[in-house]
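The block underneath contains the structure these notes are about, expressed in structure tokens.
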Amino acid sequence: MYPIASKNVAVIGAGAAGLIAAHELRQEGHKVVVFERENQVGGIWVYNPATESDPLGVDMTRNLIHSSLYASLRTNLPREVMGFRSYPFLYKRGSHRDPRRFPGHREVLEYLKDFAVDFKLCGLVRFGTEVWHVGLMENGKWKVTSRKREGNAYNDRNQEKLDEVYDAVVVCNGHYTEPRPAEIPGVEGWPGKQIHSHNYRDPEPFRDQVVVLIGSAASADDISREIAKVSKEVHIASRSVQNGIMGKLAGYDNIYHHSMIESTHGDGSVAFQEGSVVYADIILHCTGYKYHFPFLETNGMVTVDDNRVGPLYKHIFPPALAPWLSFVGLPWKVVPFPLFEFQSKWIAGTLSGRLSLPSPKEMMADIQAFYSSMEASGTPKRYTHNMAGYQFEYDDWLAAQCGCLPTEEWRKQMYVETSMRKRPQPETYRDQWEDEHLVRQAQADFSQYFSKVPSS
């Protein structure tokens, strides 16, 4: 046996990352308070039809909308792969439930609500409460300053703020809220409209328009096909496009692939690096997001530089502040929920003293080795938290640290098979599959978890 040290821990955000962090922390014996600015759990999975006053998302005075969901969004992972290991993402009967393996966003929110209810997490959450400031105190503890929401807004005038002291802070505020638009030469004089996908909800505003869409990730694939149904033309500009697939997209009359934008001009023209030119009405940026922690003050010990949050040991702990400050959910190109779960288990165990971390010097050496390997391979700094190609290796490393089982083989295989179907079958991969043998393995595995879920 080991002596459990119970800590007072502040968790920032009640989305998927914050909920699983709160669960694992409480399981480990810690006292947890979760701060959530909205009035329900779910984070990014709470759909909001409203959009920001600045569609590009660069005006610092704009009204902020947390959600980046569009109305038609369906998961690009099957529910068997997507769910927490301790709480399988099963279909539940109900008038508003979605039985599909690749459900719509509302079903994911219902799943997270079920998780919060079944594990009695809602009592830990302070809803309608924004974290205003998190700062390190001289005694090594953290002062967390929060304020309550008034109706649907925060009033800076005479707004009462609450100061509290915590042993540790776990940052789970997500990274799909602060748009990161592309830098386009000449766009200041280009007369068309620009919008970031953060503010995309449905295709109607693009009807009869010529659209240049920048990006090649999952949202870009879905949105380009959706707006093509109503727009005049859709021109996709991407760094990853290959010369062999430039031009009209097979199976579509009005979708075209291009290299990246070379320049834009006052006559409305958009020139691409391969030499083609189109006259466009709208540039739609499906270009990702910035990591953004406006509330966090670490005296320079944690910074965001070209979308690298660092220095962080294994994308979680800043060596100089570990384990008292940690981050859950920074990696991308991953299966997010199980990764959050592994990270949260590790954080909870280190805070209790059950698990130990290397020395700060050893952690910094590991970080520097990782940065050096990125530089040697020519990987841009902005891809620091991109785990495409090694997410399961990372998950299994965390599992070993925590003393729990590694990622199930069926989950890895199902993820790979889904990824392989996605590119050649973008319209049908969610509804046509040949991995029933893996589904059966998943369902057999899930039965072992049922006894661990408390009755609500």
Side-chain angles (χ1 to χ4, degrees), residues 7-19 21-22 25 32-39 41-44 46 52 57-68 124-138 140-150 152-180 198 289-305 307-312 315-318 320-330 340 343 347 385:
K7 303 298 182 182
N8 293 314
V9 186
V11 174
I12 301 175
L19 290 174
L25 287 162
V32 184
V33 174
V34 183
F35 294 87
E36 171 54 51
R37 60 179 292 159
E38 304 300 330
N39 293 317
V41 302
I44 192 68
V46 177
E52 296 180 344
V58 295
D59 183 352
M60 298 300 291
T61 65
R62 70 189 186 279
N63 66 311
L64 296 177
I65 302 293
H66 185 72
S67 178
S68 295
L124 305 179
V125 184
R126 293 184 188 171
F127 293 106
T129 304
E130 181 185 41
V131 172
W132 184 254
H133 184 261
V134 174
L136 187 64
M137 302 174 66
E138 290 184 2
K141 295 183 183 293
W142 293 90
K143 185 171 77 170
V144 176
T145 303
S146 62
R147 61 177 183 172
K148 290 291 291 182
R149 189 171 186 165
E150 295 181 350
N152 292 319
Y154 297 97
N155 182 3
D156 286 331
R157 294 182 181 178
N158 303 318
Q159 180 70 51
E160 183 178 350
K161 298 182 177 70
L162 176 65
D163 291 335
E164 297 173 292
V165 176
Y166 291 88
D167 298 309
V169 174
V170 184
V171 179
C172 306
N173 69 323
H175 53 88
Y176 294 104
T177 296
E178 191 70 16
R180 192 173 192 265
H198 175 65
Y289 297 84
K290 302 174 185 176
Y291 295 100
H292 190 55
F293 314 103
F295 52 83
L296 185 60
E297 175 56 60
T298 64
N299 298 320
M301 284 184 272
V302 179
T303 62
V304 181
D305 179 17
N307 245 23
R308 168 184 285 174
V309 185
L312 295 181
H315 306 270
I316 298 175
F317 293 112
L321 300 172
W324 313 113
L325 178 66
S326 57
F327 296 80
V328 174
L330 297 186
F340 300 166
Q343 291 183 323
I347 292 166
H385 306 294

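Both backbone and side-chain heavy atoms feed into the values below; hydrogens, waters and symmetry mates do not. Being a predicted model, the structure only gives us computed values, none of them experimental.
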State which residues pass side-chain hydrogen bond (donor to acceptor under 3.5 Å, both in side chains) with N307; sequence neighbours excluded, sorted by chain then number.
none
For the residue pair S68 and I44, establish whether any side-chain heavy-atom pair is separated by less than 4.5 Å.
yes
Looking only at heavy atoms, what is the nearest atom pair of G329 and F340, with distance?
CA-CE2, 3.3 Å
Can you check whether V46 reaches S67 side chain to side chain, under 4.5 Å on heavy atoms?
no
Quick one: pull up CZ in F293 and CD in E178 and give me the separation to the nearest 0.5 Å.
11.0 Å
Provide the closest heavy-atom pair for P179 versus K290 in the form atom of the first, atom of the second, distance.
O-CE, 3.5 Å
Below 4.5 Å, heavy atoms only, C-beta onward: do W142 and L136 meet side chain to side chain?
yes
Set of side-chain hydrogen bond (donor to acceptor under 3.5 Å, both in side chains) partners for H66, sequence neighbours left out:
T177
For residues E160 and R147, report the shortest heavy-atom separation together with the two atoms involved.
O-CB, 3.8 Å
By side-chain contact (heavy atoms from CB on, under 4.5 Å) - contacts of T303 (at least two apart):
none
Would you compute the distance between atom CG of L330 and atom NE2 of H315 and round it to the nearest 0.5 angstrom?
8.5 Å
Partner residues of V125 under the side-chain contact (heavy atoms from CB on, under 4.5 Å) criterion, sequence neighbours left out:
A14, V34, E36, F127
Do F35 and E164 have side chains that get closer than 4.5 Å, going by heavy atoms?
yes
With side chain to side chain contact (heavy atoms under 4.5 Å, CB included) as the test, pick out the partner of N8 among V165, D167, V33.
D167
Checking V134, V170, V302 against L325 for side chain to side chain contact (heavy atoms under 4.5 Å, CB included), the one that qualifies is V302
Close side-chain approach of T145 and F295, heavy atoms under 4.5 Å
no
Return each pair, listed once, that meets side chain to side chain donor-acceptor pair (under 3.5 Å) where at least one residue sits in residues 292-302; pairs must be two or more places apart or across chains.
none
Who are the side-chain hydrogen bond (donor to acceptor under 3.5 Å, both in side chains) partners of E52, not counting sequence neighbours?
R62, H198
Do the non-hydrogen side-chain atoms of V171 and Y291 ever get within less than 4.5 Å of each other?
no
Once rounded to the nearest 0.5 Å, what's the spacing between atom CD of E38 and atom CZ of R149?
4.5 Å
Would you please indicate yes or no on a ring centroid separation below 6.0 angstrom for H175 and Y289?
no
Report yes if some heavy atom in the side chain of I12 is under 4.5 Å from a heavy atom in the side chain of C172; otherwise report no.
no
Rounded distance [0.5 Å steps], CE in M137 versus OH in Y166
12.5 Å
Could you tell me if the side chain of W324 sits less than 4.5 Å from the side chain of K7, heavy atoms only?
yes
